[in-house]
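Structure first, then comments.
As the structure is a prediction and not an experimental result, all values here were calculated from the model.
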Amino acid sequence: MENKKPLILISNDDGYHSKGLASLIDMVGEFGHLLVCAPESARSGYSCAFSATEPLRLKLRRQCEGVDIWSCNGTPVDCVKMALAELCSRKPDMVIGGINHGDNASVNSHYSGTMGVTLEGCMKYIPSVAFSICDHSDDANFEPLTKIVKSITKQVLDNGLPKGVCLNVNFPVVEGDFKGIKICRMAHGTWGNEVVRCHHPRGYDYYWMTGSYTNDEPEAEDTDNWALTHGYVAITPTTIDVTAYEMIEQMKGWQL
């Protein structure tokens, strides 16, 4: 029987043209055939949203040995769903989201389209990983990430992940080498000052969504925020099941 190379499905929320996605393709191309289906333009903040009322389109952007790159006019999750339904000849061995321009640590993971990609893969029982860097610039330097991205990709392809668990991997921006890798939990944090009101010359108000993030437990050394702030790569195992199990017995005693 012919041994098939692994099939890796890649998407992101920065668009099929982003440097982070191109860098990821270069990093993991040696591990198998890459099928890329990414938004036709930036879709940051789309989380797990999908298109229920708009028609979707696919466009082949580039095809070369071992890599097929498609774009979709929908959300990051749309891209995964469309790829699985229309482009994959078989079930992928792995889904990768990223590499995202900007971190997806702490509560950012709930808003992230990159994590939307990864959670969608995980919900399809495919081992899935998100990669992000704490640098929003279009020309971010991804070269220092190469060794760790390759190592994690190989580990997941060789050994898989437990059902319902995916990995959220965030890289700091440092001078020189990373201090190491921390397997850590998501930090408790909050966003504030999220709405900026502006006044249009024609007499109406309009609004920009913005905000500033606050780490609500800056001294906790077991969190992704602490790891990134101190120069470590943060890996947070993330689950699909959001049940608060500790509340189940307590709520059985409620007088309802």
Side-chain angles (χ1 to χ4, degrees), residues 9 11 13 43-53 75-81 84-85 91-98 100 102-132 152 155-170 181-194 209 211-230 232-256:
L9 174 58
S11 191
D13 68 4
R43 299 286 192 272
S44 293
Y46 273 65
S47 188
C48 289
F50 65 93
S51 299
T53 60
T75 71
V77 167
D78 286 334
C79 292
V80 177
K81 290 181 181 291
L84 292 174
K91 185 176 182 179
D93 298 278
M94 186 175 179
V95 170
I96 303 180
N100 190 66
D103 81 271
N104 282 312
S106 185
V107 293
N108 293 348
S109 64
H110 292 298
Y111 301 111
S112 164
T114 303
M115 280 302 293
V117 167
T118 307
L119 292 167
E120 182 66 20
C122 189
M123 286 188 279
K124 296 291 193 292
Y125 306 126
I126 303 170
S128 301
V129 179
F131 293 112
S132 306
I152 292 173
Q155 176 74 22
V156 172
L157 284 173
D158 288 347
N159 301 295
L161 290 169
K163 183 184 291 186
V165 175
C166 57
L167 301 182
N168 181 15
V169 183
N170 287 277
I181 298 174
K182 294 283 188 182
I183 314 300
C184 48
R185 66 178 175 87
M186 185 179 81
H188 296 293
T190 49
W191 281 88
N193 304 313
E194 295 181 277
M209 296 300 296
S212 55
Y213 173 78
T214 300
N215 180 359
D216 294 328
E217 43 178 352
E219 304 306 318
E221 298 184 6
D222 61 341
T223 72
D224 50 9
N225 277 167
W226 188 95
L228 295 170
T229 300
H230 291 82
Y232 292 88
V233 179
I235 304 179
T236 304
T238 303
T239 59
I240 297 296
D241 186 352
V242 295
T243 306
Y245 288 97
E246 65 277 6
M247 282 294 294
I248 291 176
E249 289 303 317
Q250 179 179 336
M251 292 183 69
K252 287 178 180 178
W254 288 13
Q255 299 298 315
L256 299 176

Can I get a per-line list of side-chain donor-acceptor pairs under 3.5 Å for residues 233-243, giving both atom names and the distance, sequence neighbours left out?
residue, atom, partner, partner atom, Å
T236, OG1, C184, O, 3.3
T238, OG1, T236, O, 3.1
T239, OG1, D241, O, 3.3
D241, OD1, T243, N, 2.9
D241, OD1, T243, OG1, 2.6
D241, OD2, Y245, OH, 2.2

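Residues that satisfy the side-chain hydrogen bond (donor to acceptor under 3.5 Å, both in side chains) test with T114, not counting sequence neighbours, are D13, N100. With sequence neighbours excluded, no residue forms a ring pair (Phe, Tyr, Trp, His ring centres under 6.0 Å) with Y125. Residues satisfying the ring pair (Phe, Tyr, Trp, His ring centres under 6.0 Å) criterion with H110, sequence neighbours excluded, are absent altogether. Remark: K182 pairs with no residue by the salt bridge (Lys or Arg N to Asp or Glu O under 4.0 Å) rule, at least two apart or across chains. Not counting sequence neighbours, S47 has no partner by the side chain to side chain contact (heavy atoms under 4.5 Å, CB included) test. Considering only residues two or more places apart in sequence or on other chains, T214 meets the side chain to side chain contact (heavy atoms under 4.5 Å, CB included) condition with T190, D216. Scored by the side chain to side chain contact (heavy atoms under 4.5 Å, CB included) test, E217 finds R185, A187, H188, N215, A220, T223 as partners (sequence neighbours excluded). Partners of D78 according to the side-chain hydrogen bond (donor to acceptor under 3.5 Å, both in side chains) rule, which considers only residues two or more places apart in sequence or in another chain, are S51, T75. Evaluation of the salt bridge (Lys or Arg N to Asp or Glu O under 4.0 Å) rule for K252 yields E249 as partners, not counting sequence neighbours. For K124, the salt bridge (Lys or Arg N to Asp or Glu O under 4.0 Å) criterion is met by E120, not counting sequence neighbours. The side chain to side chain contact (heavy atoms under 4.5 Å, CB included) test applied to M247 returns A244, Q250, M251, W254, not counting sequence neighbours.
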